[in-house]
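So that the names make sense, note that chain A is the first sequence line, chain B the second, and so on, each numbered from 1.
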Amino acid sequence: MVVDAPETNADLARKARLDYPILSDPGLQAVDAYGLRDAGGGPDGQDIAHPASVLVDGAGIVRWTSVTRNFRVRPVPADVLAAVDGLGPARRSGQP
Amino acid sequence: MKDDVRRPSRWLLAATGLLLGVVGVVGYFVVALHLGAWLPSVRNDAIPNWILVGLGLALSILAVVRARRRLVPGLLLGLNVAVAAAFSAMLYVVSVMPPASGPSIGAPAPAFALVDQGERTVRLEDFRGAPLLIVFYRGHW
């Protein structure tokens, strides 16, 4: 999820061969709903999203988050996979 | 006489130290910009880079300690300290962000309806029944 336009995201998806959806949130509605606005953080002082990862289980509940305090630091894949494994089979599928 | 022969090797020691520091720093940015997806822990912690910078500093200091004429090794050490300080500032000062709360664990994820790269509308509900990882990022510029 990013403030960039869909065309920019289409370019990125093509160049980096990404097959998952890249959602465009230029108005920062979702960014605000998730409490992740970085006011004035863009190169020209515009508001952008704070780098973060949010894991939602099959029932729509937030189960794990990673919100960085340093933009060069992101969760490593092993941490994300461990969080997904931690959901367990029931939560993963959204069954009670 | 012996010292005259050995002095260039001491400059070499100091120069090697500076070179190691520069390689450590430049190597970090190569990793961060081009290989970050493959070497995420190097991008996050820069440990191999700090080892190179530390070794470089140690060589530079050794060169100054062992030199009889310390001007050139001293200048090289100064340069190396400046490189390490700039690296430190880049990693731990310039890239620090204001705190953000993020969503609460255990709360329902806020709903969204946004367009993807193919102009299709994607909603949170579309992912019911499967885990969903939402990654927020700063954008391309």
Discussion item. Is A:Ala13 close to chain B through its backbone or its side chain, or both, or neither, when contacts mean heavy atoms under 4.5 Å?
Written reply: side chain

Practice prompt. Flag the pair B:Ile134 / A:Tyr34 as yes when at least one side-chain heavy-atom distance between them is below 4.5 Å, and no otherwise.
Written response: yes

Worksheet entry | Contact leader toward chain B among A:Asn9, A:Thr65, A:Val54, where contacts are heavy-atom pairs under 4.5 Å | A:Val54

Practice prompt. Count the heavy-atom pairs under 4.5 Å between each of B:Ala113, B:Pro99, B:Ser101, B:Gly139 and chain A, then report the option with the highest count.
Written response: B:Pro99

Fill in: chain A neighbours within residues 41-52 of chain B, where any heavy atom lies under 4.5 Å away
B:Ser41, B:Arg43, B:Asn44, B:Asp45

Item to complete: Over all heavy atoms of both residues, which pair between B:Gln117 and A:Leu18 is shortest? Give the atoms and the distance, please.
Response: NE2-O, 4.4 Å

Fill in: Nearest-0.5 Å distance, CG of residue A:Leu36 to OH of residue B:Tyr137
14.5 Å

Worksheet item: Which of residues 103-111 of chain B get closer than 4.5 angstrom to chain A, counting heavy atoms alone?
Response: B:Pro103, B:Ser104, B:Ile105, B:Gly106, B:Ala107, B:Pro108, B:Ala109, B:Pro110

Worksheet item: At what distance, to the nearest 0.5 angstrom, does CG of A:Leu55 lie from CG of B:Leu132?
Response: 7.5 Å

Worksheet, complete the sentence: Among residues 85-92 of chain B, residues within the sub-4.5 Å heavy-atom range of chain A, in order of number, are B:Leu91, B:Tyr92

Worksheet entry | A:Pro26, part contacting chain B, at a heavy-atom distance under 4.5 Å | neither

Let me check something: any side-chain donor-acceptor pairs from residues 76-83 of chain B under 3.5 Å, sequence neighbours excluded? List them with distances.
unit_1, atom_1, unit_2, atom_2, d
B:Asn80, ND2, B:Gly17, O, 3.1
B:Asn80, ND2, B:Gly56, O, 3.2
B:Asn80, ND2, B:Ser60, OG, 2.8

Fill in: Nearest atoms (heavy-atom pairs only) where B:Pro98 meets A:Arg69
C-NE, 3.9 Å

Practice prompt. Could you check if a side-chain atom of B:Trp141 sits within less than 4.5 angstrom of a side-chain atom of A:Gln46, using non-hydrogen atoms only?
Written response: no

Item to complete: Select one option (side chain, backbone, both, neither) describing which atoms of B:Phe136 are under 4.5 Å from chain A's heavy atoms.
Response: both

Worksheet item: Are B:Val72 and B:Val65 connected in the hydrophobic side-chain network, where two residues link if heavy atoms are under 4.5 Å apart?
Response: yes

Worksheet item: Is the shortest heavy-atom distance from the side chain of B:Phe112 to the side chain of A:Leu23 under 4.5 Å?
Response: yes

Discussion item. If you compare all heavy atoms of A:Ala49 against all heavy atoms of B:Arg138, which two are closest, and at what distance to 0.1 Å?
Written reply: O-CG, 3.6 Å

Worksheet item: In terms of heavy-atom proximity below 4.5 Å to chain A, should B:Leu133 be classed as side chain, backbone, both, or neither?
Response: both

Worksheet item: Is there a donor-acceptor contact under 3.5 Å from the side chain of A:Asp4 to the main chain of B:His140?
Response: yes

Item to complete: Report yes if the side chains of A:Tyr20 and B:Val135 come closer than 4.5 Å at any heavy-atom pair, otherwise no.
Response: no

Worksheet entry | A:Val80, part contacting chain B, at a heavy-atom distance under 4.5 Å | side chain

Discussion item. Please identify, among B:Leu124, B:Val115, B:Thr121, the residue contributing the most non-hydrogen atom pairs under 4.5 Å to chain A.
Written reply: B:Val115

Practice prompt. Taking all non-hydrogen atoms of both residues into account, name the closest pair between B:Arg128 and A:Gly60 and its distance.
Written response: NH2-CA, 4.1 Å

Response to the item:
Heavy-atom nearest pair, B:Leu114 first then A:Ala30, reads CD1-CB, 3.8 Å

Practice prompt. Among A:Ser66, A:Gly42, A:Ala83, A:Pro6, single out the residue with the greatest number of heavy-atom pairs under 4.5 Å to chain B.
Written response: A:Pro6

Worksheet item: Just one of A:Asp38, A:Val67, A:Val73 clears the side chain to side chain contact (heavy atoms under 4.5 Å, CB included) bar with B:Met97, so which one?
Response: A:Asp38

